[in-house]
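What you see is a predicted model; the values in this text were computed from it and never measured.
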Amino acid sequence: MPNSPSDVPHPSGSGSPRRVKVQRRGPLLVEGPVEVELEDGTTVSSDRFRVALCTCRRSRRYPWCDTSHRARSSGTGDGAGPAAKD
């Protein structure tokens with residue numbers, strides 16, 4: 001497993017590596033176009049210039065983020081779910 005970006009071989013023909021932006025309470029933002037291989041081996045693709053990949057698995061459009069994580073994390077500050085009511 002590579003330890004730094006310089007250890008990762010570049011696919012032939014791609015001038016630079018893909019940029020992935022990690023957000024604490026949100027999706028992974030990936031500069032596109034992208035292909036995503038799912039757990040069952042199927043592949044989905046997007047030709048958009050940037051895609052949001054769901055990390056919470058609440059999206060109805062998984063693996064694409066539909067912002068479903070926002071409904072669960074608002075008010076708690078920890079992203080674990082709705083705030084408890086006393």
Give the cluster check for [X] versus [Y]: same hydrophobic cluster or not, with ILVMFWY residues linked at side-chain heavy-atom distances below 4.5 Å.
{"X": "Trp64", "Y": "Leu38", "answer": "yes"}
{"X": "Val51", "Y": "Val36", "answer": "yes"}
{"X": "Val44", "Y": "Val20", "answer": "yes"}

If we only count heavy atoms from C-beta on, is the Pro33 to Arg18 side-chain gap below 4.5 Å?
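Yes. Closest side-chain heavy atoms under 4.5 Å.
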Could you tell me whether the side chain of Leu28 reaches within less than 4.5 Å of the side chain of Val22, counting heavy atoms only?
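The answer is yes; the side chains approach within 4.5 Å.
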How close do Arg61 and Asp66 get, heavy atom to heavy atom, and via which atoms?
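What the structure gives for the nearest pair is N-OD2, 4.0 Å.
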[atom1]/[X] to [atom2]/[Y] distance, rounded to the nearest 0.5 angstrom?
{"X": "Glu35", "Y": "Asp47", "atom1": "CD", "atom2": "CG", "answer": "11.0 Å"}
{"X": "Leu53", "Y": "Lys21", "atom1": "CG", "atom2": "NZ", "answer": "14.5 Å"}
{"X": "Ser68", "Y": "Arg57", "atom1": "OG", "atom2": "CZ", "answer": "13.5 Å"}

